[in-house]
Amino acid sequence: RQSAQLSHTELRAWSDQHRRIRGIEREVLPTRLLTAAVDAVIARSNTTTHIGALRVVIALELHRKRHGTYPDTLEALTPQFLDSLPVDAYAAEPLRYSRENASYLMYSIGPSGQDDGGDSRGDYLFPPPLAAPFQATLTDPDAET
């Protein structure tokens, strides 16, 4: 519509402008699509890893409640508490886990793809450090008061 209302000289300038815009779109659009695809893969990896880690956290707590301590390895959770161990989508391996005294350290290497030894600046810790103050206030509904 807009082009029908332009004079010949204005139409040429309008056409050149739209040709440049279309050229930019051809260059930028694939980049935008690639960025959107990468973002979607990262979001899916985050979701998959976090859901799997939540399942393991619950299984760890069930193991602790039944046996009095956390297991030495995550494999000890199968098949009693988990059918199979979830995979860290960023490493294509099980989540990193180690027992530490009466607690444990469990983490994903995260999007960096580098194992930072459970450092919260690069790895995803489960449960997240933010949860610690809330965990301290939780009470066991089955415990005798």
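Note that the numbering runs from 1 along the sequence shown for the chain.
- Side-chain contact between Q80 and H67 is present, with at least one heavy-atom pair separated by less than 4.5 Å.
- Donor-acceptor pairing under 3.5 Å is lacking for the side chains of Y107 and D88.
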Q: Take T78 and D83 through the test side-chain contact (heavy atoms from CB on, under 4.5 Å) and record every step on the way to the result.
A: CA-CA 6 Å; T78 59; D83 292 334; over 6 Å; no
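- Annotation for P86 and G52: closest pair CG-O, 3.3 Å, computed over non-hydrogen atoms.
- To the nearest 0.5 Å, the span separating CG on D72 from OG on S98 amounts to 10.5 Å.
- T49 contributes atom OG1, which lies 7.0 Å from atom CG of L95 (distance to the nearest 0.5 angstrom).
- To the nearest 0.5 Å, the span separating CE on M106 from CG on L74 amounts to 6.5 Å.
- In this structure, E93 and I109 have side chains that are not in contact, with every pair of non-hydrogen atoms separated by 4.5 Å or more.
- A continuous path of Ile, Leu, Val, Met, Phe, Trp and Tyr side chains, each step under 4.5 Å between heavy atoms, connects V56 with F81, placing both in one hydrophobic cluster.
- Residues Y97 and Y104 bring their aromatic ring centres within 6.0 Å.
- Of the possible donor and acceptor atoms, one in the side chain of H63 sits under 3.5 Å from a partner among the backbone N and O of T69.
- Between L82 and A59, the shortest heavy-atom distance links the atoms CG-CB, 3.8 Å.
- Not a single salt bridge (charged side-chain N to carboxylate O under 4.0 Å, His left out) links R44 to another residue, sequence neighbours left out.
- One hydrophobic cluster holds both V57 and Y90 under the rule that ILVMFWY side chains link at heavy-atom gaps under 4.5 Å.
- Side chains of Y70 and E100: no donor on one and acceptor on the other come within 3.5 Å.
- I51 and F126 are not part of a single hydrophobic cluster, where members link through side-chain heavy atoms under 4.5 Å apart.
- With a 4.5 Å cut-off on side-chain heavy atoms, L77 and P71 count as touching.
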